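Let me begin by presenting the structure, written as structure tokens, before commenting on it.
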Amino acid sequence: MNKRLIAGVTAVLAVAALGVVLTEGMRASARSASAAGDAVQAQVRDETAPELRGRTLDGPQFDLATLRGQVVLVNVWASWCDPCRQELPALAAAQSRWAADGFRVVGIDMRDNSESAHRLLADVGATSLTSVADPPGVLAVAWGARGVPESFLVDRTGRIRWWVQGALDEAWLEQRVPALLAS
């Protein structure tokens, strides 16, 4: 067999194996977060937000750069994630509450299919949220996500101010979003 063909097949198998490991690790992370009571681990950050471009679950193209000047919560989620199911209603309510002040929630629907994602958003009343489809998980990894749910609170200048692992709730949002909206 040709050495290039063998090298190519080996590379494809390695990438596929990595995808399986990442998916199972993230599912285990979601299960353990749910079992642990959805403990939130938040870290203060001060770094430029990565690009976020792609097709939304509803079809149109999205570019995070168009939201510069607004406070944006980028939330990495998936329909198979129980803690995500718990936090999505709070995210939709926060967007509704502070939209007039310049607050948006943008999801990265990771390692998921659009049918399941749409069904979850409808079930929890979060169809108003924009979510970029990320079946391979590439966008989520570019943001530094290690599991689901994870969130990145981005200020009006495009800098990440908070990185959160675990499901957010109304109290956490109330403590951080108004301060960024006021600045």
Side-chain angles (χ1 to χ4, degrees), residues 26 33 38-79 81 83-112 114 117-118 120-121 124-183:
M26 290 180 177
D38 304 329
V40 172
Q41 296 180 4
Q43 293 181 2
V44 175
R45 290 283 175 99
D46 184 15
E47 59 193 55
T48 302
E51 291 182 352
L52 178 54
R53 293 185 187 129
R55 191 161 304 281
T56 68
L57 291 172
D58 294 327
Q61 285 291 323
F62 174 83
D63 186 346
L64 181 63
T66 64
L67 298 181
R68 183 65 54 92
Q70 296 187 48
V71 173
V72 181
L73 180 80
V74 175
N75 177 256
V76 181
W77 67 280
S79 65
C81 164
C84 299
R85 173 178 292 278
Q86 295 167 14
E87 84 173 340
L88 282 167
L91 300 182
Q95 178 173 277
S96 177
R97 178 178 180 187
W98 293 306
D101 298 321
F103 179 69
R104 289 281 306 272
V105 175
V106 175
I108 300 175
D109 179 33
M110 185 183 107
R111 311 234 4 119
D112 208 351
S114 63
H118 277 111
L120 173 60
L121 292 173
V124 300
T127 56
S128 63
L129 300 180
T130 298
S131 284
V132 177
D134 186 21
V138 174
L139 297 172
V141 169
W143 274 75
R146 299 176 185 164
V148 288
E150 288 194 29
S151 297
F152 302 84
L153 189 55
V154 180
D155 70 14
R156 294 181 190 275
T157 68
R159 298 196 62 79
I160 297 173
R161 295 301 174 186
W162 288 94
W163 170 45
V164 182
Q165 296 175 296
L168 298 178
D169 60 18
E170 291 175 26
W172 192 94
L173 293 163
E174 182 67 43
Q175 289 175 349
R176 282 139 188 118
V177 172
L180 285 180
L181 289 171
S183 62

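Positions are given from 1, in the same order as the sequence printed here. What you are looking at is a predicted structure, and each value in this text was computed from that prediction instead of being measured.
- Separation of atoms CZ (Arg55) and CZ (Phe62) is listed at 13.5 Å; rounding is to 0.5 Å.
- For the pair Glu150 (side chain) and Val76 (backbone), a donor-acceptor distance under 3.5 Å is absent.
- Listed here is the closest heavy atom pair of Ala90 and Glu170: CB-CG, 4.1 Å.
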- Between Leu168 and Leu91, is a side-chain contact (heavy atoms from CB on, under 4.5 Å) present by the stated rule, with each step listed? CA-CA 8 Å; Leu168 298 178; Leu91 300 182; 4.1 Å; yes
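- Crowding of Glu47 atom CD: a count of heavy atoms from other residues, nucleotides or ligands under 6.0 Å exceeding 12.
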- Query: Run the side-chain contact (heavy atoms from CB on, under 4.5 Å) check on Asp58 and His118 step by step: do they pass?
  - Reply: CA-CA 9 Å; Asp58 294 327; His118 277 111; 3.0 Å; yes
Side-chain donor-acceptor pairs under 3.5 Å in residues 126-133, sequence neighbours left out?
| from | atom 1 | to | atom 2 | distance (Å) |
| --- | --- | --- | --- | --- |
| Thr130 | OG1 | Arg104 | NH2 | 3.1 |
| Ser131 | OG | Trp77 | NE1 | 3.1 |

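- Considering CG of Leu64 and CZ of Phe152, their distance stands at 12.0 Å, rounded to 0.5 Å.
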- Task: Report the C-alpha separation of Arg111 and Asp134 in whole Å, then their side-chain angles, then the decisive distance to 0.1 Å, and conclude whether the salt bridge (Lys or Arg N to Asp or Glu O under 4.0 Å) test is met.
- Result: CA-CA 6 Å; Arg111 311 234 4 119; Asp134 186 21; over 6 Å; no
Sequence neighbours left out, cut at 3.5 Å: what donor-acceptor pairs do the side chains of residues 173-183 make with other protein atoms?
| from | atom 1 | to | atom 2 | distance (Å) |
| --- | --- | --- | --- | --- |
| Glu174 | OE1 | Arg97 | NH1 | 2.5 |
| Glu174 | OE1 | Arg97 | NH2 | 3.0 |
| Ser183 | OG | Leu180 | O | 3.0 |

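- The two residues Pro149 and Cys81 have their closest heavy-atom pair at CD-SG, 3.6 Å.
- The two residues Trp143 and Ala49 make their nearest non-hydrogen contact at CH2-CB, 3.6 Å.
- Between Trp162 and Trp172, the angle of the ring planes goes over 60°, which puts this pair in the perpendicular group of the 30/60° scheme.
- Separating the OG atom in Ser151 from the CD1 atom in Ile160 is a distance of 11.5 Å, to the nearest 0.5 Å.
- Met110 is not listed as a side-chain neighbour of Leu139, based on a closest heavy-atom distance of 4.5 Å or more.
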- Task: Given side-chain contact (heavy atoms from CB on, under 4.5 Å), test Arg45 with Gln43 step by step and report yes or no.
- Result: CA-CA 6 Å; Arg45 290 283 175 99; Gln43 293 181 2; 3.5 Å; yes
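- A donor-acceptor contact closer than 3.5 angstrom links the side chains of Asp155 and Thr157.
- Rounding to the nearest 0.5 Å gives a distance of 8.5 Å between CD1 of Ile108 and CG of Asn75.
- Here the closest heavy-atom approach between residue Asp109 and residue Ala78 is recorded as OD1-CA, 3.6 Å.
- At least one donor-acceptor pair closer than 3.5 Å links the side chain of Arg159 to the backbone N or O of Asp46.
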- Query: Under the side-chain contact (heavy atoms from CB on, under 4.5 Å) criterion, do Leu120 and Asp112 qualify, and how do the steps go?
  - Reply: CA-CA 11 Å; Leu120 173 60; Asp112 208 351; over 6 Å; no
